[in-house]
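Structure first, then comments.
When a ligand or atom number is given, it counts from 1 through the structure's own listing order.
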Amino acid sequence: MIGDRIKQARQAAGLSLRALAEQAGISAMAISKYENNKATPSSRVLLALARALGVRVEYFFRQAQVQLEEVEYRKHSKLPKRLLAQIEGDVKEQVERFLELEEYLPNRPMQTFEVPEGLPGRVDEFADIEVVARKLRDAWELGANPIPELTDTLEERGILVFQSEALHGDRFDGLAAHVNGVPIVVVGASWPGDRQRFTLAHELGHLILKDRLGPALKEHEETAANRFAGAFLVPESEVHKELGGPRKRLEPHELCVLKNAYGLSMGGWLHRARDLDLLPQTNYVSMVRFFRKRGWHKKEPCDDYPRERPQVFMQLVYHALAEDLIGESKAAELLRMPLAEFHAQRNMERADEAVNQ
Ligand SMILES: [Zn+2]
């Protein structure tokens, strides 16, 4: 129903009825009636709403009704209801565009996510998680090297990754859910890359470890998922190689170099060193204290690791366009770009190709 669509777009934009009324020049009462399907908006009204909400009019008529299932937030903080609605609305809107694009493509482009066989069936100690992470890397043929784009790595294996501007600040870590059985993970669009990557790896850890944790670890699922994240981003063998065996302390500069190489934060490396008994607990604690004193636990002193740049969706849109499965206007709609801007982007890439030939 069109009313539900208006409401979802309003929530995704983080607007109250009154705020939308002001921006669209329509009374809040009227909008409320539209949202409750008690009145039908004219096309002029729809246009005004679409403008104010930053969507195209087509959005209101889209059929796909997406439900987020098994929604989990990393930090179970008490968030204002409106912020939650905004995040979920934003994610739903992105999922819908993905599902719509899939309909235009003759071969379903997404793999079905499956946990590979051959992973340890039960995990009784945190150290066992190292084996799970390494075997998963083996099964996915990732070797032991740093993973350049974790988003692409996950999407190629059937986990959908979305970024949302609505996830910001420290209050909130990440969101994992299922849509039609497909696992999705949402990270903040403006987070530093190392934070995005750790969250993605953490949520992957939940998916992989879910039915494997023995009774001793069951109530420490968060710690287990964190351990997995570290082990997946930097395998044990590489930590040993990079740190060169047991250490008394680690130099901040050294940690910066490692962060840039692997996309794991300096703090993450400290954790790794301690978890693998390469840094004694007391030395770890004093280094963490040293970090805190300088505020580095909030903002690390070296450059942020570059953000993840999801490519799959854009790539599929261009694929569909090239094969005449969709037109330019639909492509622009799917990418949420104004047509003129999309047209310019498309032509520029063609100009590049022409130069290369
Ligand atoms: Zn978690």
Quick one about Glu242 and Tyr262 (side-chain donor to acceptor, distance below 3.5 Å, no hydrogens or angles considered), yes or no? yes
Mind checking whether the Zn ion (ligand 1) has an N, O or S of Glu222 under 2.8 Å? yes
min-distance N/O/S atom, His206 vs the Zn ion (ligand 1), resolves to NE2
When the side chains of residues 321-330 are checked against the rest of the protein, which donor-acceptor pairs come out under 3.5 Å, sequence neighbours left out?
{"from": "Glu328", "atom 1": "OE1", "to": "His343", "atom 2": "ND1", "distance (Å)": "2.7"}
{"from": "Glu328", "atom 1": "OE2", "to": "His343", "atom 2": "ND1", "distance (Å)": "3.0"}
{"from": "Glu328", "atom 1": "OE2", "to": "Arg346", "atom 2": "NH1", "distance (Å)": "2.8"}
{"from": "Lys330", "atom 1": "NZ", "to": "Glu100", "atom 2": "OE2", "distance (Å)": "2.7"}
{"from": "Lys330", "atom 1": "NZ", "to": "Glu333", "atom 2": "OE1", "distance (Å)": "3.1"}

Partner residues of Arg18 under the salt bridge (charged side-chain N to carboxylate O under 4.0 Å, His left out) criterion, sequence neighbours left out: none
If we check side-chain contact (heavy atoms from CB on, under 4.5 Å) with Leu243, which of these qualifies: Leu250, Leu276, Leu279? Leu250
Could you check which N/O/S atom of His202 is closest to the Zn ion (ligand 1)? NE2
